[in-house]
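Only heavy atoms go into these numbers, but all of them, side chains included; no hydrogens, no water, no symmetry mates.
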Amino acid sequence: MPHTLDSFRRRLCILGAGMLVGTTMPGTVLAQATEPPDSFVYGERDDVMAFALEVAQRQNLDPGWVRRTLAQARYLPSVARLIMPPPAGTAKNWAAYRARFVEPRRLRAGLEFRKAHAKWLAQAEEMYGVPPEIVVGIVGVETLYGRHMGSFRVLDALATLGFDFPSGRSDRSAFFRAELEQFLLLCHSEGHDPLELRGSYAGAMGMPQFMPSSWNRYAVDFDGDGRVDLHRSPADVIGSVAHYLAEHGWQRGEPTHFEVAAPVDTADRAYLLQPDIVPSFTAEEFATRGASLSEEGRGYGGLLALVELQNGDAAPSYAAGTGNFYAITRYNWSSYYAMAVIDLGRAVEALHGSRAVSTAR
């Protein structure tokens with residue numbers, strides 16, 4: 001996703017490829033060919049029309065245009081189903097999750113993307129400090145380099161979740177109404193037809209799967225053609241992803257994580273895991289609690305987080321996440337997601353480097 005579902009995603013966990021734990025990531029679940037008969041057009045429902053008036057007043061938009069647009073939104077039962085958490089007891093499995101991203105098809109597509117847009121990736125690194133492999137990893141995990149950007153009408157998805165958020169989980173309708181407002185503002189300012197734009201079941205759009213508020217705040221016209229296009233301009237996609245990460249704390253030249261052996265003592269391990277993925281401990285504090293860092297990690301001067309990646313019935317995997325690891329999780333609040341981005345990006349970068357050496361020879 002970024003603010004692709006920032007405040008919403010934090011409450012989810014990881015399940016499978018392109019999936020947030022508990023749900024699929026924007027861009028990887030496509031719309032059903034037809035909707036069940038209980039879908040309906042919102043029309044002039046009172047709460048929808050009241051919202052239209054509020055949005056028009058707040059954003060200085062034509063009230064008639066806002067009303068007409070929202071009246072054409074449809075309630076989609078499939079969206080209401082997809083936003084629900086997974087069945088209780090669903091086990092997380094990092095090895096399986098990783099295998100669905102670091103795989104031949106995505107690696108081939110990633111290498112093609114890396115080679116074709118090397119200039120823009122280099123410029124993004126120069127401007128924002130975010131290396132190519134991280135941008136390549138994010139775009140690959142989100143939409144397989146634009147191959148799966150979602151086929152739900154964004155208007156319908158956001159209206160469904162904004163006005164009829166399903167019961168059975170924490171109510172996020174206010175979040176999605178705010179995104180719907182930002183979507184209308186985006187369409188007005190950029191000249192998009194709100195009835196045409198498509199995206200994920202949660203309303204995320206384009207190759208990087210930006211939510212409307214993130215598009216409005218962080219998307220950049222990186223190719224300088226006078227418009228921001230996150231669907232068809234790889235340059236704008238690359239610049240926008242790098243800008244998003246930079247705005248969320250990415251530090252130029254810093255690593256994302258270090259190898260670590262978790263403490264054997266369960267109390268020490270629980271203490272280090274308590275802050276979750278928020279860097280909170282020095283290398284010395286790790287050592288005091290029995291965590292054995294790599295040599296590079298022991299010399300790191302910043303704060304670290306003990307990251308646990310569960311492997312089903314097998315032993316968990318661990319890493320010591322830095323502030324840059326945490327910055328990636330601002331895109332999607334999940335250590336599994338961040339590590340998949342890192343591993344995919346590194347694998348593509350290794351292929352790119354080996355091809356460059358082969359060509360030079």
Side-chain angles (χ1 to χ4, degrees), residues 1-7 9 25-27 59 110 113-147 149-150 154 178-179 181-194 196-200 202-254 256 323-324 326-332 337-338 341 345 348:
M1 1 196 202
H3 187 81
T4 57
L5 274 179
D6 285 348
S7 55
R9 284 174 164 175
M25 280 188 53
Q59 303 297 344
F113 184 88
R114 177 68 175 88
K115 290 166 61 180
H117 309 301
K119 179 183 77 169
W120 299 115
L121 289 162
Q123 289 185 16
E125 182 174 22
E126 181 180 359
M127 181 173 294
Y128 299 114
V130 181
E133 59 264 29
I134 298 300
V135 176
V136 169
I138 285 177
V139 180
V141 168
E142 289 288 347
T143 61
L144 215 171
Y145 305 100
R147 288 162 175 78
M149 292 188 284
V154 174
E179 290 297 332
E181 179 170 342
Q182 289 295 310
F183 175 69
L184 293 169
L185 182 61
L186 170 65
C187 290
H188 179 266
S189 61
E190 296 290 333
H192 298 301
D193 183 346
E196 294 297 325
L197 283 180
R198 295 182 180 269
S200 77
M205 298 175 288
M207 292 173 67
Q209 291 291 273
F210 271 24
M211 292 297 285
S213 61
S214 289
W215 189 313
N216 289 337
R217 186 171 181 181
Y218 303 111
V220 295
D221 174 19
F222 208 54
D223 59 12
D225 68 352
R227 61 192 300 266
V228 175
D229 186 351
L230 299 186
H231 290 90
R232 291 170 293 274
S233 171
D236 290 358
V237 170
I238 289 165
S240 298
V241 170
H243 180 224
Y244 181 92
L245 291 175
E247 288 294 312
H248 285 80
W250 184 274
Q251 296 298 308
R252 185 185 301 268
E254 290 286 310
T256 55
N324 279 353
Y326 184 72
I328 298 173
T329 67
R330 302 311 83 209
Y331 209 99
N332 178 329
Y337 173 88
V341 163
V348 170

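- The minimum heavy-atom distance between S213 and E179, with the atom names listed, is OG-OE2, 2.6 Å.
- T329 places no side-chain N or O within 3.5 Å of a backbone atom of N332 that could act as its donor or acceptor partner.
- Summarising the geometry, atom CG belonging to L121 is positioned 13.0 Å from atom CD belonging to E126; distances are rounded to the nearest 0.5 Å.
- For the pair D223 (side chain) and D236 (backbone), a donor-acceptor distance under 3.5 Å is absent.
- Counting heavy atoms from C-beta outward, P208 and E142 have side chains that stay 4.5 Å or more apart.
- Proximity of a side-chain donor or acceptor of S240 to a complementary backbone N or O of V237 within less than 3.5 Å is not detected.
- With hydrogens and angles ignored, the 3.5 Å screen pairs no side-chain donor or acceptor of Y337 with any backbone N or O of V141.
- In H231, the NE2 atom is crowded: over 12 heavy atoms of neighbouring residues, nucleotides or ligands sit closer than 6.0 Å.
- No side-chain heavy atom of H248 sits under 4.5 Å from any side-chain heavy atom of Y331.
- Of all the heavy atoms in L186 and M205, the pair that sits closest is CD2-CE, 3.7 Å.
- At distances below 3.5 Å, at least one donor-acceptor pair connects side-chain atoms of D221 with backbone N or O atoms of D225.
- Aromatic ring orientation, F113 versus Y145: tilted (interplanar angle from 30° to 60°).
- Within the model, atoms OH of Y218 and OH of Y244 stand 6.0 Å from one another, a figure rounded to the nearest 0.5 Å.
- Ring pair Y128/H243 is tilted by interplanar angle, where 30° to 60° counts as tilted.
- For G146 against M207, the heavy-atom pair with the smallest separation is CA-CG, 3.7 Å.
- One N or O on the side chain of N216 and one on the backbone of Q182 form a donor-acceptor pair closer than 3.5 Å.
- Here the CZ-CG distance, from F210 to L230, works out to 6.0 Å after rounding to the nearest 0.5 Å.
- The two residues Q209 and T143 make their nearest non-hydrogen contact at CG-CG2, 3.4 Å.
- Between L245 and I138 there is a side-chain heavy-atom pair separated by less than 4.5 Å.
- Minimum heavy-atom separation, R198 to G150: CB-O, 3.9 Å.
- To the nearest 0.5 Å, atoms CD1 (I238) and CE (M127) are separated by 13.0 Å.
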*Pair T256-I134, side-chain contact (heavy atoms from CB on, under 4.5 Å): steps then yes or no*: CA-CA 10 Å; T256 55; I134 298 300; 4.3 Å; yes
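- Between C187 and L197 the shortest heavy-atom distance is SG-CD1, 4.0 Å.
- Using modelled atom types, no side-chain atom of W250 and backbone atom of A242 make a donor-acceptor pair closer than 3.5 Å.
- In this structure, the separation between CZ on R217 and CD on E247 is 7.5 Å, given to the nearest 0.5 Å.
- Judged as a ring-ring contact (aromatic ring centres under 6.0 Å, His included), and not counting sequence neighbours, Y326 has no contacts.
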